[in-house]
Structures are given as structure tokens and as C-alpha cells.
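See structure below.
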Amino acid sequence: MADVTTYRQAVAEGLAREMRRDPAVVCLGEDIGAAGGVFKTTAGLYEEFGPRRVWDTPISEQAIVGAAMGAAMTGMRPVAEIMFADFLACCWDYLANEIPKVRYMTGGQVTVPLVVRTANGGGLGFGAQHSQAAENWALTVPGLKIAAPATPADVTGMMAAAVRSDDPVVFFEHKALFAAKGPPAPPGHVVELGEAAVVREGDDVTLVALAATVPVALAAAERLAGEGIGCEVIDLRCLVPLDAMTVLGSLAKTSRLVTVEENPYQGGWGGTLVSIVADEGFGLLDAPVRRVAAACVPLPFADALEREVVPTADKVVTTVRDLSTY
Amino acid sequence: MADVTTYRQAVAEGLAREMRRDPAVVCLGEDIGAAGGVFKTTAGLYEEFGPRRVWDTPISEQAIVGAAMGAAMTGMRPVAEIMFADFLACCWDYLANEIPKVRYMTGGQVTVPLVVRTANGGGLGFGAQHSQAAENWALTVPGLKIAAPATPADVTGMMAAAVRSDDPVVFFEHKALFAAKGPPAPPGHVVELGEAAVVREGDDVTLVALAATVPVALAAAERLAGEGIGCEVIDLRCLVPLDAMTVLGSLAKTSRLVTVEENPYQGGWGGTLVSIVADEGFGLLDAPVRRVAAACVPLPFADALEREVVPTADKVVTTVRDLSTY
Amino acid sequence: MTGAREAVADPDATELLALYEQMAVVRHTEQAAHDLFLSGLVKGTTHLAAGQEAVAVGASAALREDDYVFATYRGHHHALARGATPEECLAELMSRASGLCGAKGGSMHLTKASAHMLGSYAIVGAHLPMAVGAAWSARLRGTGQIAVAFFGDGATNIGAFHEALNLAAVWTLPVLFVCENNLYMEYTPIADVTAVASPAADRAPAYGIPGEVVDGNDVVAVRGAVTRLAGRARAGDGPGLLEARTYRHFGHSRADPAAYRPAEEVERWLKHDPLDVARGRLTGLGVPAGEVDAADGRAADLVRAAVEAAKDAPAPDPGQALTDVWADGGARWRT
Amino acid sequence: MTGAREAVADPDATELLALYEQMAVVRHTEQAAHDLFLSGLVKGTTHLAAGQEAVAVGASAALREDDYVFATYRGHHHALARGATPEECLAELMSRASGLCGAKGGSMHLTKASAHMLGSYAIVGAHLPMAVGAAWSARLRGTGQIAVAFFGDGATNIGAFHEALNLAAVWTLPVLFVCENNLYMEYTPIADVTAVASPAADRAPAYGIPGEVVDGNDVVAVRGAVTRLAGRARAGDGPGLLEARTYRHFGHSRADPAAYRPAEEVERWLKHDPLDVARGRLTGLGVPAGEVDAADGRAADLVRAAVEAAKDAPAPDPGQALTDVWADGGARWRT
Ligand SMILES: Cc1ncc(C[n+]2csc(CCOP(=O)(O)OP(=O)(O)O)c2C)c(N)n1
Ligand SMILES: Cc1ncc(C[n+]2csc(CCOP(=O)(O)OP(=O)(O)O)c2C)c(N)n1
Ligand SMILES: [Mg+2]
Ligand SMILES: [Mg+2]
């Protein structure tokens, strides 16, 4: 096994491992077959598993996710690709009303073990309709598990957990991380959903990040360390299950919290997390809680504009510096 | 003018006033014409304004909202009805990706003055797919104004502001309030979007509510007053623009905050509000912030189950009582 | 575009009498649901299928027990036709713990997964892609099962219809689309909001799918058509579409008096009641009126007993509100 | 289902030469966009329309100036055909303040609202209902305008297509649906994922809409067909659908080498280049080759100058990131 891989390859590897393990796993989506997906995240699957396991679809997001649901209810473990997270809006009924509710509203009669994978987030200059961080949409809906890995090894390990989960999982792969490199997942690697990772320890401020904001938070932490401010960086890895205890545990040490979110401030996941902290962790806090989130605007095209809008290491540094003098 | 009207009638009245005032206002939706809408919230419009102003549509939520958008971009002021808020999921692309982004991504070239009206929330026993409080979905999307009135006069007054707004407005009418009575809006009544109302004054705890949770909060406040706890109740009325200053102003007095939300705790609007308070109002807080929100489950059918899941006056009373001893 | 119409043998008297009795059970259940709603024992809403019994019962008679069925909020007849009892259906409507879905679903979501009746969905059109997926799954697993989606005329105008039919055709899946064209989407005539005369059958060619129109009030005709299309699908010849013309006896939902329907139209359709049509055929087969009446009486008794049993059943334990979100049975979403 | 095909006069030599030049401007602009992308001056992605020029230019020639146009992420040709300059298009692609959308939009969202070109949309199919709405608005305001939605073959399989066509037909709206069938949805042949041979035209009957297929690489043929359908629509006879068969010269987007396309197919289509087809027609009309070359030269010069001007233009002011969300010009969402 190579000692370094990319996030992009880790997606395909994660899928391949599960497809080898379990013949019930099948993939469907637009251009995922011979073409290997527009982001090459399904590269090699068609060659290894053939057209009975890897299905090209029409541009029919409702049919893709709806069919995945029907298949999941009847013995398969489908993995549906929605090419860009923005397009989840085209099949939102399935994510909001059908998949997460059918088990509950039938009194537990049916199980929907499926994964909806999608390329999330900005940073590549794709403009307003192809760059959103939409993980917060999914957070509004009880009944969906929400995975958003930040490293190649986590991609493969969380994919294993997602495919094996008997619950529906929305799996956000971050576009800006596809080229990122890291150690590959060891054989049989499974990262259970709902366990945050403390990716840097520190005593002064807790930074909570997700997916592409993890490297942003780490870069900021590194710079702040030079100023004598110790940041603990937590990679949430999942929004549901939400590992609030790891955050509260860190706050017991640092007493200061900053979230680093790519989704817009309004309705962003940090709001939910902060509200838990402001309740259960109120006594731990020594300073205001800050959220470094995207501005409440659509994503602009030009880099010079996008930088203004999304969280950057600069903004995190400024926020933390300001907070540490509170 | 009658001295009492219903919330349901106030919707139709609000629409009729604007249609009389401005010939560019047209309505479209399923069964809104001669039938007057499934909730009778468009009763009388077809009779008064005829088929050129009130259009029955097929069951095509995307076409309804997409056509409203095209009409709004070209000189009309359409008011589209999406029968139940749950069905917003069927046209979510328009709410999430098209309507709120087109002005921005064209550099301000186009204006989209439309209203999407919808019946929101639970309490009528319609089950998991017809009972959600979905206002938090809209909050995840920058570029939408979000109105959710609690009284008949506010319905009419906020409808005037929504229809006159050059920005797109999602107008959540609460199903459980349709039969609620109150004084009608005076002639020419306009309630600007983004102004919260302090509907009860009090010194001990601030309760922030929206739409159907306003009467819940008021009922709880009344009971708590009997125990000597003074609640200030704020009706947010809008989520965007969000009147955070009124909430912070109240906290300057009470130092204690409880939100009362019908949407689920995860991803609910209270998270955004609490995160603002935990930042800008941190110094004001004397106690943890609590959110009385819906449980993170789909809405169950049976009353006995639904009560467990949604905010009730009992739950608010318990929460406030508990908090006031902190 | 119609597939080869091989002759399908009509049911014999015994089988037809059984179908009649099934339809009568649906009819009595719907009448009971209506009465219970008006008396306040059923809350929320109901969408009754009285008048449309022949579609569910006729189609069901043409299916294997392990074929999958997906229905709509107007789905009591499909749940019953696939083996749910009147008692478990009515208990669900009456918010009892013994309801089909433990009172978590309600009238719009009757489901009997153990009988492969995989649910009733209340977002128009949403279940069509699900049925496509179930058919895809059946093909992948090589089980020979087919999937059937029942839906209304109004559902033919929603995007999910289009996407489902195209995907089913492209993948040559064993799925049947059965439209119950009862002439109305809620209070609006379907003709006012649809560009073609037969909203489902006239669209089938756009997907290269064979489409047929059938008298949806004739249980024998429905059974025959579904038998043919199911045979094709099971043989690997791909999806089929059936548009069954029928009529609902009650309003769209709850207490809707359906005043928007011309009296003449109502009268014409009431004269073409599926139970009467079946009774006529039974008479033709020489079955004495008394035997048919007896079947009807058994159905009435069954439903009467079901109403009583449901009334006596307990309400759900409130704690059930926080179960069944996740496959582990619970609702925990955070640490 | 085809509407009455009254004869439409072909363009004379002068007009055709002008159409040729417009197409050449598109061609040179697309080549420039391609080169600028490869040299790193255009970021994100581009979806080039080289090869499809005749659809935009031919259709535009058949429209009134105040007719509405809605396009896709592959929309440079439509913006140019409706009056955007190469400079403002390329400046947008190059993230300059002088870009059509102030560099907030990018390649996929070219818009020139002042010329009634109401945008390029990057969610497949989303703009079809918008065009229906614009046509509805035109009818309500009694302006005699029509609306045109251009879209790809792949877009015919998405739900919004179905809903838009049905509503347009039911309301008899003055809207044209023009499908640019370039045989591929991204890297997948459209034939592999669509149930009928002509993905748009074969579906038109499902909505009672007249559907035609035209050689999309013949600007005269496109102009003629759109003239006819626009005339019908403007006269109140309702929507029309045109499927223009064409081919893209570049890959789907960015640096896609389009290796999935058979060499023989590519070759065949390159021999049927819309510029060559027009040149052939000009020759037939007696226009000397030198005049055509001169038109081409003017187009090349225009685009060359546009590239330089765009390169020299300033980047947008970062503060612009927080404008244009709301009609008041700002982005304030809370007190
Ligand atoms: C997406 C969506 N839009 C609207 C509704 C509201 N609605 C419920 S039933 C109905 C009419 C459906 O008509 P049809 O498909 O003919 O079925 P029928 O009720 O006649 O059985 C409508 C509009 C819905 N449930 N889902
Ligand atoms: C709803 C949606 N699904 C998928 C995509 C990704 N996508 C962009 S272009 C494209 C292919 C479109 O093909 P076609 O409609 O034929 O247009 P063409 O690119 O050939 O002009 C796809 C799948 C998208 N933009 N929107
Ligand atoms: Mg109907
Ligand atoms: Mg194409």
C-alpha cells in the first residue's frame, strides 16, 4: 500500500472495499461508471465491479435518490452519488421527507440503509450554484446521519461505517480537499460515525471545525501557537451523531470556544453546537463564543470575492486573538 | 369592519388588499381558485379578481415556484402557494439555489419580488409529511426573507410588507393558528419585516417565540407569573431579517433566555439566535440558555405522541422554573 | 404502444366472489373510517378510496405475494388488498397502539412491510422512484419480484413521475405504474391542469413504455390488464403503465362534500359502482344473489368487529414518540 | 404534432453574412476562453459552445429584441447572441470588475438583463419553469413578448422539464423550448440514459406541444424553425418545442478531452461545422470567399481586443462580496 494517497482516491478506495466485502453494495449516479465520476471519486469501480454494481443514470436526482431508497428498503445497500451538494435541492423531498421519516412513520417496519455521497463546498471557483457548503441543510432534518471527513484515512474509514450503517447517511466529500494528501486507511479501517477527533491539543481556546475548515483551523492554530495562544482543534467529522461531549470536554480545559464553519452563519451547524454549549457548558465558559462562518450571501465566483466570504485562517487568527484578550 | 377575525381570514384579507392596490400581484397554486385553497386562505379572491389574477395549477411545485420566479423577474409580483411547508422540499432548488441567488450572481441585474406562502407546522394530526415546522430549512439559505406571523393583524400587515418587498419572502402561515381569532388589521396596516414584537413584558426571563409557539410562550408566562416569575415574551415574527437587537435589549433586563421553537432542536432557528447571544450578549447572561424545541424525530401522528415531541406550555414552565433557580 | 395482449383467463365464480368480498371489506372499512372521522374518533385527515376498490383488489389478484406495492395517502384499499386487517388499519386511524404503524403513521401512511406493502406516501409522486428502486433491487437479487406503484391522475404532472418512468424504461425494470384516474386532483378537474386527455396513458410513449387504459371499476378487467403487464415485466420486458379510470365516492378528504363535481357526473359513476359491476358479473356466472349478499354481510361483520376492537385498544405509550428514528430503535442524535 | 409550417423566407446575403459574423464572434470567444483557461487566467470551469453557435445565433435572429432568453451554464453563445460583448463575457470569466456580473457570476452565469437575456443557470433544467413564468408574465402584461429556454439533451430527463412543459401547455403560454441535442450529457451518451430517440421532440406529444427536429448546425434552418414557432406562440397558439441536433467541439467542460466520443463521430460532425455550413450557403448566394474571410477577421480582431481589454481590467473590489443580496443593494440579514 502506498504510504500516501489523496482524499479523492480515498473515496474510491472506501467504496471499493465495501463493494468487495458486501455484494449488496451497488453504486448509482451520473457519469460514475466508465467515466469514473466528474471528480474521479469512483475511478476504477466500473472496471472492477462492472455494470451490475456501478450504474450510470440520467440527470434525474429524484429518481436516483428515490430508487436508492426503494432498493435500500428491499435488501440492497445502495450508494447514490449526487454530483454537487447544491443538487441535493433537486431531490430534497427524499432527504427531508421520505428517507429520514419512513422508518419512524411506519412504526419501525422498514430500514433504509443507504448512503448519499456528494461533493460539497467552495474553493474551486465554481460559483454560486456549485460551491455551497450544504451540510447545514441536512442538519435541519432528524433521521439523517451526516458525515463530512477531512482526511483521506477518515474518508475511507467513515465510508466503511456509512455503508455498513443501517441508517441513511449523507456523506459530504469536500471538493477543495479532493487533491489533499495523507496516509491511506489501514486495511479494515472503520471510523464509527459520531466520534469527533481532537486533531491538535491546546489549553487556551477550543476550535471546532469540519471537513475543509479543519486545515483552516489547524493553520490558524499553528500561527497562534507562535503568539503563545494554545488552540485545541476538534474535527467534528459528523454532524449527526453530534459528538457534543468531546467539545464540552475540551471546554472544561480551555473555557473558550470558536467554531469554524463553511456554511453560512444563519442556520449553520455552529448554532446548534453553540446552543448546546450555552446550555450544558455555560458554567465552563470564560468568554463569549464566536463563530467564524461564511457570510450570509451566496458564494461569489471571483477568488478575491470568495475570500471575503468564507472562513480563512486569517479570520480565525483575528477572532481567537481578540477572544483571548476578553 | 368586524372587530374580530381569524388568522385564516387574515391571510385572504392581506392578499386581497394587495391585489386591490397593485395589479401586478397575481396568485398561483393548487386549488387556490374557485375552491379557495385547502385551508380556505384564498377564499374570495377568485370571485373578486377572476381567473386572470388567481391561477389554479397542476401538482407541479417546481413549475409553480419556478414560474413565479420568472414572472417576478419580468414585472409581476406573484404570490405562489405551496400547500404544505413540507412540499417546499419538492421545489427546494428554487428556494435554495435559484430565487435567493440570482440577484447576487448576476451582480444585481435582476430583482425577484415574490412571495411563497405555505401552511407550516403541526398540531392538526396530519402526520410526518404534513406537519413539520420547516422555517429552519429556509434559514439555511441566505437571500430569503422569512416571515411567520402569530396573529391575524400581523398576518395581514406582514403580508402587505411581503408583497411590497422587492426581495423574495417565504411566508409561513401556521396551520394550528388558522382558526385563531384576534382583532383585524386596520386599513393600510403594514408590519415591516424584521421587527420583533414584545408581546408581554417581564423582568426575570426572556422567552423568544415564533408563530404557534407565541401562544405557548404566553400561556407559560401567565402560569409562571402566578409563581412570581416575570417573563418577557418576544414574538420574533421574522427569522430574516432577524431582530437580534430586540432580544439582546430584553436580555439586558432579564439576563436569562429561553427559546420556544417548533422546529427540531438540531438545525433549529434557536441555534442561530443563541449563538448571537452567546457572542454579543455573553456579558448579559446570568444563567445557561435553554431551547425548548421539538425533539429530533419526525412528527408522529397520534396526539399522545405528538405532545411528547413538540414544545408545550408545560415544558416551557418546567424549563423556566428550573432556570430561574440557577 | 400496447404490449402483446395475450388472453388472460377471467376468474371463476369462486375467485370472483372472493374478490367481491375483498372489495366489500374495503367499502365497509372506508365507510367506518368516514363515520369515525365525523364522530371525532379519527383525527387529522382521511382520504377514502370507496369507489376505487376494484383497482386495488383487481391488481392485487394479479400479483405474487412477494411483489412490492407502494401507495399514496389514499391507500387504505391497497393496505387491505395486500393483507392488512380492517382492525389494524382502523386502529391506526384511531391512534391506537395496535395500529399498523403503532399510531405513528396515521391514515396517510398505512404500511404492512411484512406483506411487502412498503408504504403509503403523502407527498404526491414521491413513491414512484421508490418503486423503481424496489424493482431494480428485485432484478439485482434475481428474485423475480416486481414492484407496483399506485398513484392518482394528479401525480402525473409532478417531476418525480417523469424521472421515475424514464429511469424504469432505460433500465428495463420490472415495475408497473398504475394510475387511478378518478378525474380530480383534490377539487380541480384533472382536465383543467393536464395537457393531454389520458394523463398517464398518453404520456407512456414519451418513455417507450406500453400504456393501457382500463375500466378501473371492473375488478376483472383490472386483474386481466395487470396480469398481462406483470407477466411482461417479470419476463424481463420492462415496465408497464396502466391507467384505471375510476371515481371516488366521497370527497377528496375529511369532510369535503365535493360540491365541485357535477351531479350528473356523480350519478353516472355511482351507477357504475365497482361492487355492482362485480355483482353483475357474478350473476352472469350464475352465482345466486344470496351468496353475494352473504359475502357482503361477512365483510360488514368483520369491519364492525374491527371497529369495536380498535375502540377498545389502548393509546400508544407516550415513550414510543422517541423510538424508531434509527435502526437501533432509538432517537439519540448526539453525545 | 407539428404546427402549420408556413414558409419562412431565408435570410438574404447581407443578413446571412451578419449571422456568420456573429457565429464567428462566438467561435473566437470560445477559443479564447479555452486558451485563457489553460493558461490559468480563467478559473473554475468553462462549458464551451463552440460547434453550437448556429442554435443561438439562428434562434436570436428570429426573436424580437425584447423577447426573454434563459440559458444554461453552457451559455456564452446565448449571451453573445443577445448582445453581450466578448469583452464583458471574457472579463467575467477572468474575474474582472468589468465582467457582465461584476465577477460574482462566472462562466456558468452570464446574464445580460438589459437585453432581456435573463441568465444562465447551472442546475440542469431549473430555468425551464422560469421561462414559463416569464411567458406568463408577458401574457399578463400584454406585451407580445415571448420567452425562450435553451437547454441540453440531458435536461430532458429531469422533473423540471416535465412540469414546465405541462404548465406551459395548460396555460397556452408564449414560450419556446429549444433543446440543443449535442448527443451527450457530460461523458454519457444521451441514448444510454433516455428512453426515446429524440429526447425532446419525442416527448412533446406528452404535453400536446408541437415538436420539431432541426439541423442545429444550419443557422438558416434554426432561424426558420424558430420564426415559425415564435409566430405561433406570439399569436396565442401556445408553446413550441424545437430539438436542434448539434455537437460540441470541445469536451464537456474545462480540460475534458472527450475521449469517450468515437473518432468517427467527431470527424463527421467537425465536417458539419456550423460556420462551414453557413459559408457554403453564402457561397451559394454568390458572396465571395474574401468577404466571408473578412467577417471572420473582424470577429477575430474583436475578440483579440476583448481579451486584451479584459486582461487590463481591474479585479473587483473585495467589498463587492457583501453587496447585491437584497434589493436595497446590501447583505444585512439581522439587526
Ligand atoms: C407534492 C405534493 N403537492 C401537493 C399535495 C397536496 N395534495 C394531496 S392529494 C392532492 C391531489 C392528488 O390528486 P391525485 O393524484 O389525482 O390523487 P387522488 O387524491 O385523486 O387519489 C394534492 C394536490 C401533496 N400531497 N404533495
Ligand atoms: C440538477 C443537475 N444535475 C447534474 C448537474 C451536473 N451536470 C452539469 S452539465 C451536465 C450534463 C448536461 O447535459 P446536457 O443537458 O445535454 O447539456 P450539455 O452539457 O450537453 O450542453 C450535468 C450532468 C447539474 N448541473 N444539475
Ligand atoms: Mg385524482
Ligand atoms: Mg448535451
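- Only the backbone of Ala287(B) comes within contact range of chain A, judged by heavy atoms closer than 4.5 Å.
- Among Gly270(B), Gly267(B), Cys296(B), the residue with the largest count of heavy-atom pairs under 4.5 Å with chain A is Gly267(B).
- Contact between Tyr104(A) and Leu299(B) at its shortest, heavy atoms only, is CE2-C, 4.2 Å.
- Contact of Leu285(B) with chain A is made through backbone and side chain together, with heavy-atom distances under 4.5 Å.
- Of the two parts of Phe301(B), neither the backbone nor the side chain holds a non-hydrogen atom closer than 4.5 Å to a non-hydrogen atom of chain A.
- For residues 140-148 of chain B, heavy-atom neighbours of chain A at less than 4.5 Å comprise Thr140(B), Val141(B), Pro142(B), sorted by residue number.
- Summarising the geometry of Asp279(B) relative to Pro288(A), their closest heavy-atom pair is O-CB, 3.4 Å, with the distance given to 0.1 Å.
- No other option in Pro298(A), Gly271(A), Ala138(A), Ala294(A) has as many heavy-atom pairs under 4.5 Å with chain B as Pro298(A).
- Annotation: maximal heavy-atom pairing with chain B below 4.5 Å, among Trp269(A), Phe87(A), Tyr94(A), Tyr265(A), occurs at Tyr265(A).
- Judged purely by atom type and a 3.5 angstrom limit, Asp86(A) has no side-chain atom pairing as donor or acceptor with the backbone of Asn97(B).
- When each of Ile276(A), Val274(A), Thr272(A), Leu273(A) is checked for heavy-atom pairs under 4.5 Å with chain B, Thr272(A) comes out on top.
- Minimum interatomic distance between Lys101(B) and Ala128(A) (heavy atoms only, all atoms of both residues): CE-O, 3.3 Å.
- Of all the heavy atoms in Val240(B) and Gln266(A), the pair that sits closest is CG2-NE2, 3.9 Å.
- Using a 4.5 Å cut-off between heavy atoms, Pro264(B) touches chain A through its side chain atoms alone.
- Ring pair Phe282(B)/Phe282(A) is tilted by interplanar angle, where 30° to 60° counts as tilted.
- Both the backbone and the side chain of Glu98(B) come within less than 4.5 Å of a heavy atom in chain A.
- Between Trp92(B) and Ala89(A) the shortest heavy-atom distance is CB-O, 3.6 Å.
- Looking at every heavy atom in both residues, Gln132(B) comes nearest to Ala96(A) through OE1-O, 4.1 Å.
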